[in-house]
Enquirer: 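Questions regarding the structure given below will be posed in turn.
These numbers come from the heavy atoms of this one structure, side chains and all, not from hydrogens, waters or symmetry mates. In what follows, chains are A, B, ... by sequence order, proteins preceding strands, each numbered from 1.
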2 protein chains.
Amino acid sequence: MEETTTENKILEAAKKIFRQKGMEGARMQEIADEAGINKALLHYYFRNKEKLFLAVFEDSFIQIIPNLSDIFTQCITIEEKISLFVESYIKILEPYPDLPMFILSESRRDPSILINVLERSGIHPKEITLLLNSEMEKGNIIRQNPAHLMVNIVSLCIFPFLARPLLEIVMLKKQGLNPKDFYNNRMAETKDFILRAVIPNYQKR
Amino acid sequence: MEETTTENKILEAAKKIFRQKGMEGARMQEIADEAGINKALLHYYFRNKEKLFLAVFEDSFIQIIPNLSDIFTQCITIEEKISLFVESYIKILEPYPDLPMFILSESRRDPSILINVLERSGIHPKEITLLLNSEMEKGNIIRQNPAHLMVNIVSLCIFPFLARPLLEIVMLKKQGLNPKDFYNNRMAETKDFILRAVIPNYQKR
DNA sequence: GTCTATATGGCGATAGAC
DNA sequence: GTCTATCGCCATATAGAC
């Protein structure tokens with residue numbers, strides 16, 4: 001069941017505002033309004049803006065680097081693993097379309113906020129590298145640099161969220177396309193594109 | 001030859017600071033210092049921060065949506081066109097690694113800044129869609145949704161710039177990789193990945 | 001055109017009553 | 001724990017001398 005303590009109300013409000021506007025764009029007053037409390041209470045619970053922001057950032061980071069590592073230890077083919085990863089990742093992001101820009105933009109503003117949070121992150125690229133190399137040995141996936149392959153997959157999943165406002169305007173004004181249709185097809189198209197670049201003789205099924 | 005009028009010095013300084021820190025993170029004092037002039041002069045030439053920012057944004061937008069449309073009208077194969085696009089685009093961005101985040105982040109903060117700038121942008125996705133469709137008819141590229149294909153190509157080119165600080169830390173701390181090596185190989189790996197997903201029976205050459 | 005000095009407002013943070 | 005009132009700073013913007 002939901003905890004509706006004051007501290008929790010503040011955190012939820014802060015998540016909403018910080019993720020939308022970033023550390024520098026957010027206003028403590030706006031967060032207080034959103035939480036339905038007074039501005040002074042923010043400082044009572046979190047001392048200052050920086051500390052409140054860090055709480056939101058860490059929570060957000062854990063959410064965007066989801067616990068998907070178990071996908072790669074399951075007993076399924078590499079094709080199914082990649083498929084499942086892409087589907088799960090896009091599904092996780094869909095309810096929080098602001099998260100990717102928030103994380104990347106704040107990481108760029110102040111990379112030091114990453115240091116603490118990376119430890120407890122559940123990112124283990126070394127293990128995935130081993131898996132990919134072994135699958136290449138077996139001929140199950142096309143030979144390529146594993147680091148680039150991982151970045152490629154993540155790029156294709158995340159970029160449409162990052163560029164959403166720009167993409168929507170371009171589609172509407174320059175192509176006469178409905179952005180909703182685009183985003184509805186996105187998961188399937190992403191999966192097929194990746195698998196064509198990765199699986200030998202891949203045919204859509 | 002270089003124009004070194006005061007107005008130009010201001011614009012160059014503003015580009016540097018705004019692209020690094022964004023509209024909300026930038027300080028008029030810092031821009032004045034960078035330009036080697038007084039803060040009041042900024043207002044003399046550009047009235048207010050918003051107008052100075054818009055000048056920088058429009059200049060930046062034109063730079064990131066480069067005049068690459070002529071690539072698609074050249075008399076070369078579709079494979080060469082895609083190859084050339086990826087190479088040119090990454091090469092254009094390399095001297096300005098902050099540009100992609102600046103454009104996308106500011107577009108999200110206030111999408112209305114896009115309206116004016118999109119008109120004179122040289123983005124003509126409809127023409128590229130026609131080209132892609134015709135190449136699919138001929139069997140030169142694998143059948144897929146042209147809108148997604150265009151987004152995929154741009155995603156793979158741009159994302160590594162957007163995520164650079166995060167990627168560098170992950171590579172150093174979690175993989176023991178040298179980020180420089182990664183970015184040196186990036187162009188070739190991107191090209192091959194895309195061509196495998198697009199060209200029937202593509203073999204690296 | 002370029003400067004110094006100053007006005008004006010907003011925001012993070014604190015004091016202190018309840 | 002929660003509120004009202006207020007402090008102090010900093011950033012944008014303007015006034016006015018040169």
Enquirer: On the nucleotide dT12(D), are OP1 or OP2 found under 4.0 Å from the side-chain N or O atoms that R27(B) carries?
Expert: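 So the side chain of R27(B) is within the cut-off, an N or O lying under 4.0 Å from OP1 or OP2 of dT12(D).
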Enquirer: Output yes when K21(A) and E30(A) qualify as a salt bridge under the 4.0 Å nitrogen-oxygen rule, no when they do not.
Expert: yes
Enquirer: How many Å lie between CD on Q29(A) and P on dG9(C), as a whole number?
Expert: 18 Å
Enquirer: For the pair made of NE2 in H43(B) and C1' in dA5(C), what is the distance, rounded to whole Å?
Expert: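 Between C1' of dA5(C) and NE2 of H43(B): 15 Å.
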Enquirer: Let me know the distance between OH of Y45(A) and C1' of dT14(C), rounded to the nearest Å.
Expert: 18 Å
Enquirer: Tell me whether the side-chain N/O atoms of T6(B) come closer than 4.0 Å to OP1 or OP2 in dG1(C).
Expert: no
Enquirer: What integer distance in Å separates Y44(B):OH from dA15(D):C1'?
Expert: 15 Å
Enquirer: At 4.0 Å (heavy atoms only), tell me whether A32(B) reaches a base, stays on the sugar-phosphate, or touches nothing.
Expert: nothing
Enquirer: So which atom in P125(B) and which in K174(A) form the shortest heavy-atom distance, rounded to 0.1 Å?
Expert: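 Residues P125(B) and K174(A), closest heavy atoms: CG-CB, 3.8 Å.
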Enquirer: Of A40(B) and I37(A), whose nearest nucleotide on DNA chain D comes first from the 5' end?
Expert: I37(A)
Enquirer: Between K9(B) and E12(B), is the closest basic N to carboxylate O distance under 4.0 Å?
Expert: no
Enquirer: Atom CD1 of I31(B) and atom P of dA13(D): how far apart are they, to the nearest Å?
Expert: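 The answer, rounded to whole Å, is 11 Å.
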Enquirer: May I have the distance from M28(A) (atom CE) to dG12(C) (atom P), rounded to whole angstrom?
Expert: 6 Å
Enquirer: Quick one: N48(B) CG to dA11(D) P, roughly how many Å, whole number?
Expert: 17 Å
Enquirer: Write down the distance between NZ (K49(A)) and C1' (dG10(C)), rounded to a whole number of angstrom.
Expert: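 It is 12 Å, rounded to the nearest whole Å.
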Enquirer: Verify, without hydrogens or angle tests, whether N184(B) (side chain) and K180(B) (backbone) share a donor-acceptor contact under 3.5 angstrom.
Expert: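 Confirmed, N184(B) side chain pairs with K180(B) backbone.
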